[in-house]
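First comes the structure, then the notes that go with it.
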There are 2 protein chains.
Amino acid sequence: MECDLMYAICKIGGRWKLMILCKLEKGKLRFSEIKRCIPEITERMLALQLRELEKDGLVKRTVYAEVPPRVDYELTDIAIGLVPVWRQLEDWAVQHKSLLQNDKSKVHEIA
Amino acid sequence: MECDLMYAICKIGGRWKLMILCKLEKGKLRFSEIKRCIPEITERMLALQLRELEKDGLVKRTVYAEVPPRVDYELTDIAIGLVPVWRQLEDWAVQHKSLLQNDKSKVHEIA
DNA sequence: TGAGGTACACACAAATTTGTAAGTAATGGG
DNA sequence: CCCATTACTTACAAATTTGTGTGTACCTCA
C-alpha cells in the first residue's frame with residue numbers, strides 16, 4: 001500500500017498541527033502560551049487541534065491540580081521524529097519565497 | 001517572522017497536494033494517469049489541486065495540440081526540493097503505525 | 001463580596017472544501 | 001451518423017472546518 005503518505009497527512013494535515021508541534025519543540029508549553037505564540041489561532045481551534053494531536057499520540061497533556069487550572073503540553077517521542085519535517089519545510093519555504101522574489105524583479109525589469 | 005512554516009503549509013497543505021507531487025516524482029504523468037494512481041480523488045479535485053500547484057510553481061503543465069487532448073504534468077525544480085519531505089513523512093508514518101500496533105498488542109495482553 | 005485568572009465546552013453561524021452529475025470540444029473510426 | 005476518447009468545466013448539494021460569543025468551575029487576593 002502506498003498510503004503511508006496519506007496516513008501521515010491525516011495525522012498532521014490540520015491547518016495548525018505542524019505549527020503547534022513546532023512551537024513545542026523547545027519544551028513544554030501551557031495552553032495560553034501556545035496561544036500567545038500563534039496569535040491567529042482561536043482558542044477553540046487550539047483546543048480541537050490539541051485534542052486530536054493528543055489522541056494520535058503526538059502530544060502529551062499534563063493537568064496540574066491547581067487553581068486557576070494549569071495544563072501543559074509537550075511532544076511525544078514519535079512527534080520528535082517530525083522535527084526534520086518542519087525544518088525542511090521552513091527551509092523550503094524560504095527558497096520558494098526568494099524564487100517568487102526573483103520572478104517579481106524580472107517582471108519589473110521587463111515591464 | 002516565524003511564518004515560513006505557515007507559508008509552506010499553505011502551498012502544500014491541500015489534502016491531495018503532497019500525494020500528487022509524490023506521484024510525479026518518477027516523471028511526467030498525464031491527468032488520467034495521476035487519476036489512476038490516486039483512485040480516491042475525484043476529477044474535480046484533481047483538476048483544482050493541479051491548478052493550484054501550477055499557480056504556485058510546483059508543477060509544470062504541458063498541453064499538446066492533439067485530439068483527444070493530451071496534457072501532462074511534471075515537477076518543477078522547486079517541487080523537487082520537497083522530495084525529502086514526503087520521504088520523511090512516509091518513514092514517519094511507518095513508525096507511527098508500528099507504534100499503534102505495539103500499543104494494541106499491549107492492551108490485548110493486559111485485557 | 002467580588003473581580004480575576006485558566007483552560008477549556010457549547011451552541012450557533014459562516015466559510016471553505018469536497019462530492020455528484022452532467023456537459024463540452026474536436027476528431028478518428030465503424 | 002454516431003460513438004469513443006481526454007481533460008477538463010460548471011452548477012448545485014452536502015459535508016467539513018472554522019469563527020463568535022458566552023458560560024463554567026474553582027480558588028485567591030484585594
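Computed from heavy atoms alone, side chains included, the values below leave out hydrogens, waters and symmetry copies. Lettering of chains follows the sequences in order, A, B, ..., and the numbering in each one begins at 1. Please read all numbers here as calculations on a predicted model, not as lab measurements.
Between the CZ atom of B/R61 and the C1' atom of D/dC8 there is a distance of 8 Å, given to the nearest Å. Atom NZ of B/K28 and atom P of D/dA7 are 14 Å apart (whole Å). The CG-C1' distance, from A/L46 to C/dA7, rounds to 10 Å in whole Å. As rounded to whole Å, 14 Å separates atom P of D/dT18 from atom CG of A/L50. One interatomic measurement links the two molecules: CD of A/E66 to P of D/dC29, which rounds to 13 Å at whole-angstrom precision. Following rounding to the nearest Å, A/R70 (CZ) and C/dC8 (P) show an atom-to-atom distance of 13 Å.
At the phosphate of D/dT9, OP1 or OP2 sits under 4.0 Å from a side-chain N or O atom of B/R51.
In the hydrophobic cluster analysis, where Ile, Leu, Val, Met, Phe, Trp and Tyr join through side-chain heavy atoms closer than 4.5 angstrom, A/V83 is grouped together with A/M19. Side-chain heavy atoms closer than 4.5 Å link hydrophobic residues (I, L, V, M, F, W, Y) into clusters, and following such links, even through other members, never connects B/Y64 to B/V67.
Formation of a donor-acceptor pair under 3.5 Å by the B/Q49 side chain with backbone atoms of B/L46 is not found in this model. Remark: the backbone N or O of B/I78 is paired with a side-chain donor or acceptor of A/W92 at under 3.5 angstrom.
Ion pairing between A/E40 and A/K35 fails under the 4.0 Å rule for side-chain N and carboxylate O.
Heavy atoms of A/Y64 sit nowhere under 4.0 angstrom from any nucleic acid atom.
A salt bridge (charged side-chain N to carboxylate O under 4.0 Å, His left out) check over residues 44-63 of chain A, counting only residues at least two apart or in different chains, returns the pairs A/K11-A/D56, A/K17-A/E52, A/K60-A/E74.
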## Note on the structure
Per-nt protein contacts along nucleotides 14-22 of chain C (heavy atom under 4.0 Å; B base, S backbone sugar-phosphate only, - none) come out as ----BBB--
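In the set D/dC27, C/dA7, D/dC8, the nucleotide with an atom closest to the side chain of A/V67 is D/dC27.
DNA chain D is contacted by B/R30, B/F31, B/S32 of residues 29-39 of chain B, taking any non-hydrogen atom closer than 4.0 Å.
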### Message
Before you tell me yes or no, could you show the steps for A/V85 and B/L89 under side-chain contact (heavy atoms from CB on, under 4.5 Å), namely the whole-Å CA-CA distance, both residues' side-chain angles and the distance that decides it to 0.1 Å?
### Response
CA-CA 7 Å; A/V85 172; B/L89 275 178; 4.2 Å; yes
### Query
Do A/L29 and A/Y73 pass the side-chain contact (heavy atoms from CB on, under 4.5 Å) test, and can you show the C-alpha distance, the side-chain angles, and the key distance before you say yes or no?
CA-CA 5 Å; A/L29 288 178; A/Y73 296 90; 5.8 Å; no
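A cation-pi contact, defined as under 6.0 Å to the ring centre and within 45° of the axis, links B/K97 to A/Y7.
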